[in-house]
Amino acid sequence: MNRMLAIAWLRYRLMLNRLRRREGVWNLVGGVLLGLLWGAAALGAAVAVGFLMKAALAGGDQDMLFKLQFGALLAAMLAGVWLPLIIERGQAGPVTSRLLNFPVTGGELFWMSQAALALSVDHLLYYPLMIAVALGVFLGPGPAWLGMLVLVSLWLCILVWAHAVGLTLEAMLRGRRSREIVGVLTVVIIIAMGMGPGIVEKALRGRDPAEFPALTMGVDVLKTGGKALAPFQAAAGLQAVRAGETAAALGHLAGIWAWTLPGALLARWIFVAFYLGDRGSLRRGGRRPGASRPIMTHQALPWELRLDAGMLSPVALACAAKDLRVHFRSLSGRLILVLAPLLMAWIGWFVLKDVAEAALGLQVGEIHFFGMLFYVAIFANSQTTNNLSFEGSGVQAYFLLPGPLTQVILGKNLALWVFQAILLAVCLAALAVVKSWPDPPTLLAGVLLYAAIIVMRTAGGNVLSILFPRRRELSSRHDKTPLMSTLLGLLMFAATVALAWVFAVLPGLAGHPGWQPAALGFLLLISVIGHRWSLGAVAGLLEDRREPVVAALRKKEE
Amino acid sequence: MTHAIETHGLVRAFDGFKAVDGIDLQVPCGCFFGFLGPNGAGKSTTIKMLTGLIKITAGGAAILGHDVEKEALAAKRVIGVVPEDLALFDGLTAAESLAFTGRMHGLDRRTIAGRSGELLELMDLQDTGRKLVADFSHGMKKKLSLAAALIHGPEVLFLDEPFEGIDAVASRHIRKLLEGMTDRGVTIFLTSHILEIVEKLCTHLAVIHKGRLVAQGTLGDLQRGIGLDGDGAPRGARSLEDAFLGLVDAGDEPTRTLSWLE
Ligand SMILES: Nc1ncnc2c1ncn2[C@@H]1O[C@H](COP(=O)(O)OP(=O)(O)O)[C@@H](O)[C@H]1O
Ligand SMILES: [Mg+2]
């Protein structure tokens with residue numbers, strides 16, 4: 001018990017220390033705000049469900065009650081098992097693995113780790129909901145003990161599966177390469193799930209769903225499968241309790257345990273095989289830098305460009321070549337290269353067909369094309385506002401080597417521009433496949449507009465990167481960009497888009513629509529000059545803030 | 001003669017706490033200089049100030065006559081550094097890391113290719129191929145950092161705890177290499193808390209304790225107890241260990257014990 005509490009305490013302590021240690025006050029503010037937000041959401045949902053349930057109980061609306069309880073319990077399961085994974089906090093393993101140094105047996109450690117999960121933040125999130133449902137059990141008819149047994153069983157089921165899934169992912173994600181693959185897959189799946197219904201709806205528009213037997217069958221399978229899920233079993237069990245059908249309630253209870261037991265076995269097996277057995281390298285001291293790890297190799301990519309123009313200083317070129325490599329090697333860079341064209345194709349195919357009127361001073365074709373470009377440009381936010389993020393302790397090299405910092409920053413920005421140019425080319429190719437290109441003047445205007453936006457944002461992003469640096473790992477899928485710089489970066493994005501829009505519509509308003517590319521070219525020119533002009537000041541800022549920057553980038557994620 | 005490294009009244013404070021408190025160093029050209037002190041004495045902080053990684057609170061320092069703050073670029077051109085954090089980029093391979101450093105120093109491609117081949121061979125890193133630094137072990141990273149510090153042929157080399165975490169074979173190669181370099185006139189400034197290494201390699205020494213310099217001189221001077229600034233320093237100490245323990249106030253104390261382990 002004592003040790004279990006020690007593990008639970010350790011998890012909180014690590015989280016709080018992380019919050020406290022990170023670059024100053026803004027992260028604390030951000031963390032507290034976020035905590036309040038989560039807390040308010042959790043309590044608010046619980047209170048809302050509670051009142052609705054009370055009303056349904058009073059009105060004797062069994063169907064409504066069932067739906068409410070199923071919804072609440074399903075939400076609890078999702079919050080407990082999947083949310084930690086989606087927000088990349090599946091931390092069942094890392095904390096536990098270090099405890100292997102202490103004199104506990106593997107079995108004890110497994111149970112301690114499992115039990116400590118009950119107190120972790122991720123699980124606190126849905127407890128208010130569960131408590132609301134429990135209150136409903138006491139207020140409603142039927143034996144309360146049986147209802148509570150159902151609820152407690154579901155709670156254990158959630159905990160066990162959270163542990164099992166967390167450990168499985170932990171075991172799968174041991175190597176950097178597999179982490180990257182899983183990262184790409186999850187994002188693609190999430191996006192596919194978001195876009196899927198839209199695509200199906202579009203395809204079905206005006207037709208009878210019965211024409212597609214595979215579809216109806218799929219829906220049936222999903223419905224049957226859904227009924228087997230533990231939250232459904234729990235809700236059905238509670239319903240049976242209310243109706244006084246003890247035998248049925250016990251049947252549903254067994255249904256819950258039919259999930260819990262395999263989950264426990266899976267968790268236990270992964271724990272033994274990967275944490276204690278020779279399959280894992282965590283056995284001795286966890287992921288220390290010196291611990292032997294599988295050898296990861298990196299294949300050269302065909303598009304790894306060699307920048308060798310003679311006009312820039314060798315220092316800027318060296319930095320540009322280095323950063324470009326890192327962009328292509330980072331998971332986020334690769335994700336952008338995969339997702340942006342996909343999104344572009346999707347938007348071009350499905351969404352923009354519905355926009356058929358000229359608006360905002362732009363023609364239909366321009367709205368389509370510029371809109372897509374604005375969308376693609378959003379992807380540059382984390383690259384521009386935290387452009388030091390992948391340096392890690394390497395950032396110190398800039399201060400130790402005799403290259404002027406202006407050239408270093410110029411080189412970094414150059415890499416970003418080349419990356420964005422490649423991204424734009426890939427997106428245009430994707431567009432050519434699903435649709436067709438707009439007419440040449442619009443195409444030219446769009447490219448100029450995109451370039452101007454990117455240049456303006458790198459100029460502003462340089463400052464944000466130095467003010468709010470935060471380290472990222474090559475294989476991390478999430479932005480890990482401090483709250484403030486994300487917000488400021490998005491504001492900056494909105495401002496640049498507005499400015500670009502003004503330059504795009506002004507010629508039309510003045511009666512010379514043909515001048516649009518010239519106006520946008522002028523904007524690009526001003527942006528480039530402004531960027532060049534700002535470099536000196538930015539280099540001075542970096543020189544001045546080198547200590548906080550180095551300190552922020554050397555910290556690994558716990 | 002100008003010294004390779006010279007500091008006067010060098011101070012670095014962190015929020016009022018003086019990690020380095022007014023030290024005056026003179027490191028002659030071509031010597032193998034050991035900068036000795038217990039954990040937290042201020043060794044790394046001193047190196048970081050000398051190499052421009054952190055700001056100097058008060059006092060000043062010069063490397064081969066170049067003021068480290070006013071002529072920072074000139075100073076950085078002649079130095080090579082293996083800092084505490086190694087300053088490597090996770091996203092590059094070993095060869096790419098060396099190429100990057102070489103290009104930052106303005107070397108041409110052919111020179112870089114030749115030298116990095118030799119360096120990788122020497123550090124036994126030639127087989128790492130396209131493996132990224134992110135996947136290197138700590139010792140491999142340290143060797144790569146040293147290789148990067150050597151690629152431009154520095155005149156003054158700063159090494160922060162270079163042998164910690166390196167295997168015996170590589171450690172011997174590196175020791176040989178470093179000794180050869182000092183023979184050719186390169187100055188090496190090395191911090192360590194391991195006395196054996198310092199005793200084996202260094203010709204000159206300084207001892208820092210709680211941010212203050214407590215001794216400076218040749219190895220022989222220190223072993224004999226000459227060149228000590230403070231009063232109450234032990235005279236006629238027999239070994240470097242005795243001298244060191246005396247200097248950092250640990251010599252005369254009875255060895256401490258733990259009540260429950262007696
Ligand atoms: N960035 C920092 N902020 C606050 N204190 C620091 C910082 N860097 C070093 N110190 C403190 O300065 C002292 C000397 O540290 P350091 O020079 O790293 O010691 P060492 O001699 O072991 O290399 C230590 O007490 C350390 O805690
Ligand atoms: Mg140190």
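First the proteins, then the strands, lettered A, B, ... as listed; each starts at 1. Side-chain atoms are counted along with the backbone in the values below, which use heavy atoms only and exclude waters and symmetry mates. Every value quoted in this text rests on a predicted model; they were computed, and no experiment measured them.
Judged by distance alone, the side chain of B:Lys76 and the main-chain N or O of A:Gly403 form no donor-acceptor pair under 3.5 Å. A:Ser393 places no side-chain N or O within donor-acceptor distance of the main-chain N or O of B:Leu86, the cut-off being under 3.5 Å. Proximity of a side-chain donor or acceptor of A:Glu391 to a complementary backbone N or O of B:Phe89 within less than 3.5 Å is not detected. Formation of a donor-acceptor pair under 3.5 Å by the A:Arg546 side chain with backbone atoms of B:Leu53 is found in this model.
Checked for salt-bridge contact, A:Arg329 and B:Asp90 miss the test: no charged N lies under 4.0 Å from a carboxylate O. At a threshold of 4.0 Å, the pair B:Glu96-A:Arg325 counts as salt-bridged, since one of the basic side-chain nitrogens sits closer than that to a carboxylate oxygen.
Heavy atoms of other residues, nucleotides or ligands lying less than 6.0 angstrom from CZ of A:Arg545 number more than 12. In this structure, B:Glu164 places its CD atom where more than 12 heavy-atom neighbours from other residues, nucleotides or ligands lie under 6.0 Å away.
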(request) Show your working on side chain to side chain contact (heavy atoms under 4.5 Å, CB included) between B:Glu84 and A:Arg554 and close with a plain yes or no. (result) CA-CA 11 Å; B:Glu84 194 177 31; A:Arg554 73 198 293 218; 4.1 Å; yes

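Residue A:Leu474 comes nearest to B:Gly91 through the heavy atom pair CD1-CA, 3.5 Å, listed as atom of the first residue, atom of the second, then distance. B:Ala87 and A:Ala397 make their closest contact through CB-N, 3.8 Å (heavy atoms, listed as atom of the first residue, atom of the second, distance). Looking at every heavy atom in both residues, A:Asp544 comes nearest to B:Lys55 through O-NZ, 2.8 Å.
Taking NZ from B:Lys48 and CD from A:Gln396, the interatomic distance works out to 7.0 Å, rounded to the nearest 0.5 Å.
In this structure, chain A has a heavy atom under 4.5 Å from the backbone of B:Leu88, while its side chain stays farther away. Interface remark: A:Val408 contributes side-chain atoms only to the contact with chain B (heavy atom separation under 4.5 Å).
If you tally non-hydrogen atom pairs under 4.5 Å between each of B:Ile79, B:Ile54, B:Thr51 and chain A, the highest count goes to B:Ile54. For chain B, the option among A:Pro404, A:Gly392, A:Gly394 with the highest count of heavy-atom pairs below 4.5 Å is A:Gly394.
Screening B:Met104, B:His152, B:Arg77 for a side-chain contact (heavy atoms from CB on, under 4.5 Å) involving A:Leu401 leaves a single residue, B:Met104.
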